[in-house]
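Down below is the structure, laid out as structure tokens.
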Amino acid sequence: MGDNARVASVLEEVADLLELKEDSFFQVRAYRRAAREISALTGDIRDLYVRGHLDQVPGVGKAIRDKVIEVLRTGELQYLKDLQNEFPAGLLQVMQVPDIGPKTAGRLYKELRVTNLQDLRAAAEQHRIRMLKGFGERTEYNILKGIRYLESRQGRMLLGYAYPRGKALEEHMRERGFDLVSLGGSLRRMKETIGDIDILVGSSEAERAMDTFVSYPLTAEVLLRGETKTSIRSQDGVQVDMRVVAPSSFGAALQYFTGSKEHNVKVRTLANELGYKVNEYGVFRSSDGEKVAGETEEDVYDALGMQWVPPEMREDRGEVELARKGQVPRAVTLSDICGDLHTHSEASDGVDTVEAMAAAAEALGYEYLAITDHSRSLTVGNGLSAERLLESMEHVRRVNEDRPGIHLLIGTEVEIDERGGLDYPPKLLEDLDIVVAAVHSRFKMAPEDMTERLVTAVSNENVNVLAHPTGRIIGEREGYSFDMERVMQAAKDNGVAMEVNAFPERLDLSDLHCAMARERGVAISINSDAHNVRQLDHMRYGVATAKRGWVPPEMVLNALPWEALRKHLDI
DNA sequence: GCCGTTTTCGGCCCGACTGTTTTCAGTCG
């Protein structure tokens with residue numbers, strides 16, 4: 001874990017524990033905000049500390065600054081230890097149970113000595129909870145259900161898992177006559193992981209919309225049903241929340257329902273200052289309650305003197321201020337992408353032929369496609385020997401001649417050995433159109449050695465792209481440790497693009513690393529790493545990740561049209 | 001605990017739904 005993540009997690013835990021104290025609501029918010037700002041920094045917080053610039057971090061004032069310094073110096077925080085002594089650690093688990101927040105957890109602790117999930121289950125089973133004032137039978141039932149849910153769920157799902165499911169539900173509603181439908185929440189913002197799927201419908205037939213929603217064939221359980229809001233759990237365990245509003249409020253509701261929460265808080269605070277009130281039904285003048293916007297999102301932002309902000313950028317990372325000035329930067333979108341520079345065929349560990357991949361890429365409207373099969377050392381990926389690579393080059397050339405509709409690039413995803421050397425001789429690499437270099441072995445080297453390894457690799461004159469630079473697999477393993485700043489600098493110096501690998505498990509670079517690359521002027525290449533034709537569609541997740549890092553199309557290698565790319569790669 | 005083209009003090013987004021209540025607090029997003 002880096003310094004930023006460590007400091008943020010300490011502050012986050014302080015906030016969690018402070019919630020259990022009464023009258024500390026705004027303190028909790030302050031700690032959470034500071035934690036969020038710090039984890040979203042694109043530089044190292046230790047650098048800011050050393051230069052005495054901690055105060056520049058929004059949300060960090062005197063008190064939190066001192067605590068940050070203590071964590072950076074000692075790795076610990078006495079204040080946190082004191083809080084930990086005050087409340088049992090298990091109470092934080094208790095608060096994870098749906099419908100149990102700090103107030104309820106605090107009362108259960110004080111009145112029933114509930115200190116962890118086991119205690120909570122026992123108290124509910126022995127009907128001790130219903131004895132408390134304000135609690136009843138139903139609450140006990142819901143608590144037991146909540147505990148089961150907590151134990152069964154495995155955290156957040158991948159964007160690539162949620163997206164097709166959300167789209168299918170959207171389609172389900174559309175096919176039944178609901179035209180105003182949109183995904184919302186973190187799925188619309190295309191975060192790398194998603195908690196619940198949110199869907200918004202604009203319709204005057206709320207009742208029929210609810211019926212249509214719960215009749216979705218994959219519905220396993222209806223969790224909640226009201227007049228405007230219904231939640232289901234689908235058979236694959238995904239919770240889906242649907243909200244219905246009148247068509248005239250669709251834009252305001254979409255803005256509200258998309259979030260992020262932090263973005264909305266800032267927008268609404270700004271609205272207050274301007275004399276407006278914003279809710280999911282519209283923008284209202286505070287003076288007379290007159291509605292001034294609501295039908296479209298554009299109207300809502302416009303009424304507040306703001307530019308419309310793409311959902312991927314609504315994370316309160318400065319976009320609200322820029323939107324006010326009409327200076328939201330243009331970030332890359334799927335339509336900017338001209339081709340895919342990292343894909344596999346059946347020659348290595350892909351399943352489809354070069355012909356099929358080329359046809360699929362052409363169908364996507366791409367101008368070009370690079371076939372980059374694995375190199376010889378990656379035996380688990382059926383890596384190509386030098387001889388097989390030569391054969392493959394011949395094959396790709398022939399397909400290229402047969403398909404005038406698309407330009408095929410002959411490439412490789414070449415292994416980077418532990419000293420930064422490459423898996424094929426330079427002469428062979430020179431003959432390829434594109435070289436994508438990647439680490440697939442020896443992940444646990446000392447950080448200094450890994451940095452050297454990657455710097456050496458990107459300094460190799462034959463390398464064009466550094467594939468999945470951190471090697472992380474979301475939810476399974478952290479990326480390898482190295483100095484990202486140095487590797488980015490070396491990539492920039494050598495004209496090498498850093499990849500945003502669009503595979504849902506990778507999304508590597510992450511949105512934050514994309515922001516870091518953008519600030520430092522390092523080129524990005526967004527690639528699907530497809531191992532079959534369907535996976536070419538993963539491109540959208542990579543593009544969204546780059547967009548979340550505000551990467552402009554000019555910085556994206558494969559947003560170059562074919563002639564410009566050819567010139568750049570000197571082929 | 002932070003913050004200020006009104007403020008160094010007094011604010012800090014807003015509404016739906018639930019369970020347990022006769023009017024609302026807590027939780028959630």
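- Taking atom CG of residue A:L270 and atom P of nucleotide B:dC3, one finds them 17 Å apart after rounding to whole Å.
- Annotation: A:R174, atom CZ; neighbour count of heavy atoms from other residues, nucleotides and ligands within 6.0 Å is above 12.
- Comparing B:dT7 with B:dC12, their C1' atoms are spaced 13 Å from each other, to the whole Å.
- When rounded to the nearest whole Å, the span between CZ of A:R32 and P of B:dG29 equals 13 Å.
- Comparing B:dG15 with B:dG10, their C1' atoms are spaced 24 Å from each other, to the whole Å.
- Taking a 6.0 Å sphere around CD of A:E137, one finds it holds 12 or fewer heavy atoms contributed by other residues, nucleotides or ligands.
- Rounded to an integer number of Å, the gap from CD of A:Q96 to P of B:dG29 is 11 Å.
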Filtered N/O pairs between nucleotides 7-16 of chain B and protein, under 3.5 Å:
unit_1, atom_1, unit_2, atom_2, d
B:dC13, OP1, A:R29, NH1, 2.8
B:dC13, OP2, A:R29, NH2, 3.4
B:dC13, O2, A:R268, NH1, 2.7
B:dC14, OP1, A:N272, OD1, 3.2
B:dC14, O4', A:R268, NH1, 2.9
B:dG15, OP1, A:K277, NZ, 3.0
B:dG15, OP1, A:N279, ND2, 3.3
B:dA16, OP1, A:Y281, OH, 2.7
B:dA16, O3', A:T228, OG1, 3.2

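- Using atom C1' as the reference point in both B:dT8 and B:dC3, the two lie 9 Å apart (nearest Å).
- The nucleotide B:dT8 finds no pairing partner, because no Watson-Crick or G-U wobble arrangement with both distances shorter than 3.5 Å includes it.
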Kindly determine whether A:N4 and A:S39 satisfy side chain to side chain donor-acceptor pair (under 3.5 Å), including the steps that lead there. CA-CA 5 Å; A:N4 297 4; A:S39 62; over 6 Å; no

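- With P as the reference atom, B:dC28 and B:dT23 are 25 Å apart, rounded to whole Å.
- When heavy atoms are screened at a 4.0 angstrom cut-off, A:F135 is found touching the sugar-phosphate backbone but no base atom.
- For residues 297-324 of chain A, proximity to DNA chain B is found at no residue, defined as any non-hydrogen atom under 4.0 angstrom from a strand atom.
- Two residues, A:R225 and A:D196, neighbour DNA chain B, and the one matched to the more 5' nucleotide by heavy-atom proximity is A:R225.
- Annotation: A:E298, atom CD; neighbour count of heavy atoms from other residues, nucleotides and ligands within 6.0 Å is above 12.
- Qualifying side-chain hydrogen bond (donor to acceptor under 3.5 Å, both in side chains) partners for A:S481, counting only residues two or more places apart in sequence or in other chains: none.
- Look at CZ on A:R65: it is 12 Å from P on B:dC3, rounded to the nearest Å.
- Shown here is A:R73, whose CZ atom has no more than 12 heavy atoms of other residues, nucleotides or ligands within 6.0 Å.
- Residues of residues 139-148 of chain A that place a heavy atom closer than 4.0 Å to DNA chain B, in numerical order, are A:T139, A:N142.
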I need a per-nucleotide contact map over nucleotides 22-27 of chain B, read 5' to 3'. Cutoff is protein heavy atoms under 4.0 Å; write B for the base, S for backbone only, - otherwise. ----SS

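- The P atoms of B:dT20 and B:dT27 are separated by 14 Å, rounded to the nearest whole Å.
- With sequence neighbours left out, the side-chain hydrogen bond (donor to acceptor under 3.5 Å, both in side chains) criterion links A:R324 to no other residue.
- Remark: P of B:dC28 and CG of A:L223 are 14 Å apart, rounded to the nearest angstrom.
- Across all strands shown, A:K62 has heavy atoms under 4.0 Å from sugar-phosphate atoms exclusively, and none from any base.
- Rounded to an integer number of Å, the gap from A:L132 CG to B:dT21 C1' is 15 Å.
- Using atom C1' as the reference point in both B:dC13 and B:dG29, the two lie 12 Å apart (nearest Å).
- DNA chain B is contacted by both A:D241 and A:A30; A:A30 maps to the nucleotide lying nearer its 5′ end (nearest heavy atom per residue).
- Evaluation of the ring pair (Phe, Tyr, Trp, His ring centres under 6.0 Å) rule for A:H468 yields A:H440 as partners, not counting sequence neighbours.
- For A:Y256, the ring pair (Phe, Tyr, Trp, His ring centres under 6.0 Å) criterion is met by no residue, not counting sequence neighbours.
- A:R233 and A:Q239 make their closest contact through NH1-OE1, 3.7 Å (heavy atoms, listed as atom of the first residue, atom of the second, distance).
- Separation of the C1' atoms belonging to B:dG1 and B:dT6 is 22 Å when rounded to the nearest angstrom.
- In this structure, CZ of A:R107 is placed 13 Å from C1' of B:dG19, rounded to the nearest angstrom.
- Contact of the A:L270 side chain with the A:M306 side chain is registered, since non-hydrogen atoms from C-beta on lie closer than 4.5 Å.
- Between A:Y149 atom OH and B:dC28 atom P there is a gap of 11 Å when expressed in whole angstrom units.
- Rounded to whole Å, the separation between the C1' atoms of B:dT21 and B:dG26 comes to 13 Å.
- Here ring pair (Phe, Tyr, Trp, His ring centres under 6.0 Å) pairs that include residues 172-224 of chain A, with residues two or more places apart or in two chains, are A:H172-A:Y216.
- Taking the side-chain hydrogen bond (donor to acceptor under 3.5 Å, both in side chains) definition, one finds that A:K229 meets it with nothing, sequence neighbours left out.
- Residues satisfying the side-chain hydrogen bond (donor to acceptor under 3.5 Å, both in side chains) test with A:N264, not counting sequence neighbours, are A:Q255.
- With sequence neighbours left out, A:D511 forms a salt bridge (charged side-chain N to carboxylate O under 4.0 Å, His left out) with A:R317, A:R548.
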